[in-house]
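Counting begins at 1 with the first residue of the sequence.
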Amino acid sequence: MGADPGLFTPASVTWQLHGDPMMWVAGIRALYLQALHPRAVRGVMANSDFRRDAWGRLMRTADFVGTTTYGTTEAAERAGARVRKIHSMLGATDPETGERYGVDDPELLLWVHCAEIDSYLHVVRRSGFPLTDAQADRYLAEHRVSARLVGLDPAAVPADGKELAAYFEETRPRLAAGADARNVYDFLLRPPTHPLLIPAREVLWRRVAYLAYAALPPYAHELYGTPAPEPAVVTRRLRATGTALRCVPARLRWQLPPKHILRAMARLGPAARPAPYKVGC
């Protein structure tokens with residue numbers, strides 16, 4: 001009996017794309033975008049201490065994505081069940097209406113999902129990862145699986161680029177950069193760190209955060225109150241960053257915790273190694 005390839009399998013677009021180092025930049029873009037939904041960001045602010053545990057939060061998100069992408073079916077389902085259980089116990093209060101709501105409200109889960117998946121696809125692809133429109137649609141369709149894991153009805157989740165664009169167009173009137181969004185914006189540019197690491201934060205982290213922010217859609221820049229950068233300039237910066245990061249040997253990059261890719265290759269064999277050229281296979 002062969003080893004369990006998991007929910008996505010090495011034949012998926014997801015398996016290849018999620019092994020790209022630009023996923024970290026994409027994840028930060030997702031945070032900027034997700035913060036523009038007032039009820040969604042209020043749920044985060046009311047239920048997590050991200051200011052003191054920012055790295056821990058990022059690593060937990062990376063662990064969830066890595067587990068659901070490269071882990072066994074059992075591990076992925078267990079991770080999804082854990083997230084659903086946590087969400088079912090959390091709520092927040094709408095500061096405008098005083099209404100109490102759960103963070104597992106399908107509208108909020110759908111926004112978080114779409115902002116995240118759009119960011120992964122947009123940043124990695126725009127930075128030079130080779131992907132046709134049809135393959136991008138495959139990626140979006142595949143992530144109805146991850147949507148189910150967090151508690152969404154897969155049938156209600158955009159399955160291709162046109163559906164995703166229509167969803168964002170329909171959702172835009174409900175977005176705003178309120179106080180919570182601005183707190184996230186400020187925090188992502190200047191996360192708390194040890195005084196000795198402040199120079200490194202200014203040189204390295206801020207560049208990554210600015211690049212992720214620059215990659216947002218124009219309407220997001222408008223909501224945050226900043227001019228949208230020239231698209232061609234942003235694309236050049238994304239491509240330059242992607243090229244530089246991809247020069248780091250993959251085996252070295254994948255040594256960073258939580259090492260999901262290396263564990264998947266150990267389980268399934270070296271043929272399971274993620275690579276851009278395998279997307280069309």
Side-chain angles (χ1 to χ4, degrees), residues 26-54 56-58 60-61 64-65 79-122 140 143-144 146-159 163-189 191 209 212-213 215-226:
I28 298 170
R29 179 196 190 260
L31 295 176
Y32 281 119
L33 191 55
Q34 289 165 347
L36 290 174
H37 194 300
R39 287 166 70 96
V41 71
R42 170 76 340 223
V44 173
M45 301 293 281
N47 293 286
S48 69
D49 190 7
F50 75 91
R51 290 182 182 84
R52 283 202 291 258
D53 189 30
R57 181 176 175 82
L58 285 172
R60 286 190 293 274
T61 299
F64 178 79
V65 173
R82 184 165 57 248
V83 167
R84 294 193 302 274
K85 181 178 180 180
I86 292 172
H87 285 174
S88 71
M89 298 185 292
L90 303 178
T93 301
D94 189 318
E96 298 291 330
T97 66
E99 176 192 356
R100 185 73 180 171
Y101 59 91
V103 300
D104 59 355
D105 181 326
E107 176 189 342
L108 307 185
L109 293 177
L110 183 58
W111 168 253
V112 170
H113 171 84
C114 289
E116 181 177 292
I117 297 306
D118 175 73
S119 292
Y120 294 162
L121 184 60
H122 179 88
L140 293 171
H143 278 278
R144 285 183 159 184
S146 61
R148 174 184 63 78
L149 290 175
V150 299
L152 284 163
D153 175 5
V157 177
E163 290 184 8
L164 185 63
Y167 167 77
F168 281 120
E169 188 67 27
E170 188 272 333
T171 306
R172 278 176 58 179
R174 298 195 290 278
L175 304 180
D180 288 335
R182 296 192 178 280
N183 283 335
V184 171
Y185 172 86
D186 290 338
F187 173 81
L188 288 174
L189 289 181
Y213 181 76
L216 287 169
Y219 69 80
H221 288 279
E222 181 180 349
L223 290 172
Y224 275 117
T226 61

Task: Spacing of Leu223 atom CG and Arg182 atom CZ [to the nearest 0.5 Å] - done: 9.0 Å
TODO: Work out which heavy atom in Leu189 is nearest to a heavy atom in Tyr32; give both atom names and the distance.
DONE: CD2-OH, 3.5 Å
TODO: Before giving the answer on salt bridge (charged side-chain N to carboxylate O under 4.0 Å, His left out), spell out for Asp104 and Arg84 the whole-Å C-alpha distance, their side-chain angles and the decisive distance to 0.1 Å.
DONE: CA-CA 8 Å; Asp104 59 355; Arg84 294 193 302 274; over 6 Å; no
Open item on the list: Check whether Arg174 reaches the backbone of Pro38 with its side chain - one donor and one acceptor, N or O, closer than 3.5 Å.
Closed with: no
Open item on the list: Is it the case that the side chain of Arg42 and the backbone of Asp180 share a donor-acceptor pair, with hydrogens and angles ignored and the cut-off at 3.5 Å?
Closed with: no
Task: Shortest non-hydrogen separation from Ala115 to Ala30 and the atoms involved - done: O-CB, 4.0 Å
Open item on the list: If we ignore hydrogens and angles and just use 3.5 Å, is the side chain of Gln34 paired with the main-chain N or O of Val112 as donor and acceptor?
Closed with: yes
TODO: Drop me the distance from Leu108's CG to His87's NE2, to the nearest 0.5 angstrom.
DONE: 10.0 Å
Task: Inter-residue atom distance Phe168.CZ - Tyr219.OH, 0.5 Å rounding - done: 5.0 Å
Open item on the list: For Ala181 versus Tyr224, what's the shortest heavy-atom pair and its separation?
Closed with: O-CE2, 3.9 Å
- [ ] For side chain to side chain contact (heavy atoms under 4.5 Å, CB included), just list the numbers for Tyr213 and Thr226, CA-CA rounded to whole Å, side-chain angles, deciding distance to a tenth of an Å, and then say yes or no.
- [x] CA-CA 10 Å; Tyr213 181 76; Thr226 61; 2.5 Å; yes
Open item on the list: Minimum heavy-atom separation for Leu188 and Ala209, please, with both atom names.
Closed with: O-CB, 3.6 Å
Task: Heavy atoms of other groups near Glu96 CD, more than 12 under 6.0 Å - done: no
Open item on the list: To the nearest 0.5 Å, what is the distance between CG on Leu31 and CD on Glu116?
Closed with: 8.5 Å
Open item on the list: Is it true that, when you exclude Glu222 itself, more than 12 heavy atoms of the residues, nucleotides or ligands shown sit nearer than 6.0 Å to its CD?
Closed with: no
TODO: Indicate yes or no for a side-chain donor-acceptor contact from Asn47 to the backbone of Gly43 under 3.5 Å, with no hydrogens or angles considered.
DONE: yes
Task: From NE2 (His113) to CG (Leu152), nearest 0.5 Å - done: 7.0 Å
Open item on the list: Testing the basics here: between Leu90 and Ile86, what is the closest heavy-atom pair and its distance to 0.1 Å?
Closed with: CG-O, 3.2 Å
- [ ] Please report the C-alpha distance between Leu149 and Val83 in whole Å, then the side-chain angles of each, then the deciding distance to 0.1 Å, and finally whether the side chain to side chain contact (heavy atoms under 4.5 Å, CB included) criterion is met.
- [x] CA-CA 8 Å; Leu149 290 175; Val83 167; over 6 Å; no
Task: Test item: Leu110 and Pro158 side chains (from C-beta on) under 4.5 Å apart, heavy atoms - done: yes
Task: Under the side-chain contact (heavy atoms from CB on, under 4.5 Å) test, residues paired with Ala165 that sit two or more places apart - done: none
Open item on the list: Quick one, Trp111 with Leu33, criterion side chain to side chain contact (heavy atoms under 4.5 Å, CB included). Give me CA distance, side-chain angles, the key distance, then yes/no.
Closed with: CA-CA 9 Å; Trp111 168 253; Leu33 191 55; 4.1 Å; yes
Open item on the list: So which atom in Pro154 and which in Arg144 form the shortest heavy-atom distance, rounded to 0.1 Å?
Closed with: O-NE, 3.0 Å
TODO: Assess whether side chain to side chain contact (heavy atoms under 4.5 Å, CB included) is satisfied between Val157 and Tyr167, documenting all intermediate values.
DONE: CA-CA 9 Å; Val157 177; Tyr167 167 77; over 6 Å; no
TODO: Quick one: pull up CD in Glu163 and SG in Cys114 and give me the separation to the nearest 0.5 Å.
DONE: 10.0 Å
